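The block underneath contains the structure these notes are about, expressed in structure tokens.
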There are 2 protein chains.
Amino acid sequence: MPAQISRLADFLPYLLSVTSNAVSGRIADEYNARFGLRIPEWRVMAVLGDAGSQTQRALVGATLMDKVAVNRACKVLEDRDLIKRSPNIRDGRSHHLELTVSGKAMHGQIMPLALEMEALLFAEFTAEECATFKSLLGRVRRRVQDLSPEGQMKDRAT
Amino acid sequence: MPAQISRLADFLPYLLSVTSNAVSGRIADEYNARFGLRIPEWRVMAVLGDAGSQTQRALVGATLMDKVAVNRACKVLEDRDLIKRSPNIRDGRSHHLELTVSGKAMHGQIMPLALEMEALLFAEFTAEECATFKSLLGRVRRRVQDLSPEGQMKDRAT
DNA sequence: GCGATTTGGTTGCATTAGAGACTAATTATG
DNA sequence: CATAATTAGTCTCTAATGCAACCAAATCGC
């Protein structure tokens, strides 16, 4: 290994991307292996389990995923009988989505695993470093939003 | 009522993913608009411009991208006459890849833009915070590698 | 109330990424 | 050397992701 290959390795957006992909990949493998869930599906489960009944619209806001991604995730989860739809009286276009009994059961297994994974991945961080990391991530993200060319709010979350 | 079952918004891997996607998306738009380059192509240009002639194999190591992604990026860049191949005397399977004259010209424009974007995105960070951020990212990434099930080294970089 | 506009959700299509098979060249083994 | 095992690169097929067009219900303006 040559000592210094390129300045690419010092480029923050590159480091961010590589790290994020490594972490996401590792976690995706885990969820897929244990529950047959992909990340978009997992995110929907997490939000519904935590915040209760939600419309797709609300899920888009909570997960920062594209509405198409949310829709597809919901369809998969519904087919697997992990969530169910009930009519939205206040708005006939949408439905309320919530975990079924088996969905809740899975959620009860999923969340501990999530926390376990998080603890494992960030085991070397002190509580303070975790807080710093979160804070820095939040600031960058807000910064990007502020800089974004006029209101263009694409949901690129994966 | 179990105390706070971890919300998605507090989950570090999620924050990391969302932030990374926001940053990557913003930068991708910029490169695409100005040079018609996508991120894999940009990364190859960056490495070749900085480190000179490289094989695809070396580019895989330097960019942490899949060999297929590197291959495709090289093909595109070659078609656009931004890089050229020359035979590798020491190994007939591979070629040396390097920037052409126009490739160098573009590289000369690209890199300042990259640094400009980085400065813009992280303008609110002090030098120390940038260093901290880099360090934390590096530690997480190494951690993931160390935890990875024995030797499986998928290159998931986007 | 009635047309125009907006919004939630869905579908289809195009683009992209990734795993695996395959070729050609190199290195290891006997 | 001859053969086996490895490696660099390429190709192909399939899955995933995102955008844009679209439909239906709700809201706005008169």
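The structure displayed is predicted, hence computed values, not measured ones. In what follows, chains carry the letters A, B, and so on, assigned in the order in which the sequence lines appear, proteins first and then strands, with residues in each chain numbered from 1. Atoms considered below: every heavy atom in the structure, side chains included; atoms not considered: hydrogens, waters and symmetry mates.
Considering only side-chain N and O atoms, Asn71(A) lies nowhere under 4.0 angstrom from the phosphate OP1 or OP2 of dG9(C).
Of the residues near DNA chain D, Arg38(A) and Asn88(A), the one whose nearest nucleotide (by heavy atom distance) lies more toward the 5' end is Arg38(A).
The cluster map of Ile, Leu, Val, Met, Phe, Trp and Tyr, joined by side-chain heavy atoms under 4.5 Å apart, puts Leu12(A) and Leu115(B) in different clusters.
Rounded to an integer number of Å, the gap from CD of Gln54(A) to P of dG9(C) is 11 Å. In this structure, CG of Leu59(A) is placed 9 Å from P of dG9(C), rounded to the nearest angstrom. Between the CG atom of Asn21(A) and the P atom of dA17(C) there is a distance of 11 Å, rounded to whole Å. If you take CG of Asp66(B) and P of dA8(D), they are 14 Å apart, rounded to a whole angstrom. dA28(C) atom P lies 12 Å from atom CG of Asp91(B), rounded to whole Å. Here the P atom of nucleotide dA8(D) and the CZ atom of Arg85(B) are 15 Å apart, to the nearest Å. Atom CD of Glu41(B) and atom C1' of dA17(C) are 13 Å apart (whole Å). Protein atom CG of Leu64(B) is 13 Å distant from nucleotide atom P of dG18(C), rounded to whole Å.
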(message) Between Tyr14(A) and Phe11(A), does the ring-ring contact (aromatic ring centres under 6.0 Å, His included) criterion hold? Intermediate values first, please.
(response) CA-CA 5 Å; Tyr14(A) 166 77; Phe11(A) 193 50; 7.9 Å; no

(request) May I have the step-by-step check of side chain to side chain contact (heavy atoms under 4.5 Å, CB included) for Leu16(A) and Leu137(B), ending in yes or no? (result) CA-CA 7 Å; Leu16(A) 185 56; Leu137(B) 287 171; 4.0 Å; yes

(request) Could you give me the CA-CA distance, side-chain angles and deciding distance for Ser53(A) and Leu48(A), then say whether side chain to side chain contact (heavy atoms under 4.5 Å, CB included) is met? (result) CA-CA 6 Å; Ser53(A) 179; Leu48(A) 290 181; over 6 Å; no

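Distance from the side chain of Arg57(B) is smallest for dA8(D) among the nucleotides dG9(C), dA8(D), dA17(C).
Residues from residues 74-84 of chain A that place a heavy atom under 4.0 Å from any atom of DNA chain C, listed by number: Lys75(A). Contacts between residues 92-100 of chain A and DNA chain D, counted as heavy-atom distances below 4.0 Å, involve Gly92(A), Arg93(A).
Using a 4.0 Å heavy-atom distance criterion, Arg72(A) is classed as a base contact. Within the nucleic acid shown, Arg90(A) has no heavy atom closer than 4.0 Å to any nucleic acid atom.
Under the 3.5 Å distance criterion, the side-chain polar atoms of Glu98(B) are left unmatched by any main-chain donor or acceptor of Lys84(B).
Within the structure, salt bridge (Lys or Arg N to Asp or Glu O under 4.0 Å) pairs that include any residue of residues 32-42 of chain A comprise Glu30(A)-Arg34(A), Arg38(A)-Glu41(A) (at least two apart or interchain).
Taking the C1' atoms of five terminal pairs at each end of the helix from dG1(C)-dC30(D) to dG30(C)-dC1(D), the two resulting helix axes are inclined by 30°, rounded to 10°.
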Report, one line per pair, each donor and acceptor closer than 3.5 Å where one atom sits in a side chain of residues 128-135 of chain B; sequence neighbours left out.
unit_1	atom_1	unit_2	atom_2	d
Glu129(B)	OE1	Arg139(A)	NH2	3.2
Glu129(B)	OE1	Thr126(B)	N	3.0
Glu129(B)	OE2	Arg139(A)	NH1	2.9
Thr132(B)	OG1	Glu128(B)	O	2.9
Lys134(B)	NZ	Asp10(A)	O	3.1

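No hydrogens or angles considered: a donor-acceptor pair under 3.5 Å links the side chains of Ser94(A) and Asn88(A). Ser17(B) and Arg43(A) share a donor-acceptor pair across their side chains, judged by distance under 3.5 Å alone.
Salt-bridge formation is detected for the pair Arg85(B)/Glu78(B): a Lys NZ or Arg NE/NH1/NH2 atom is positioned less than 4.0 Å from an Asp or Glu carboxylate oxygen.
Ring orientation note: the planes of Tyr31(B) and Phe35(B) are tilted relative to one another, at an angle of 30° to 60°.
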Give every pair of a protein N or O atom and an N or O atom of nucleotides 20-23 of chain D that lie under 3.5 Å apart, one pair per line with the distance.
none

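Counting heavy atoms of neighbouring residues, nucleotides and ligands inside a 6.0 Å radius, atom CZ of Arg57(A) does not exceed 12 of them.
Distance CD1/Ile83(B) to CG/Leu99(B): 7.5 Å, rounded to 0.5 Å. For the atom pair CG of Asn32(B) and CG of Leu37(B), the computed distance is 8.0 Å after rounding to the nearest 0.5 Å.
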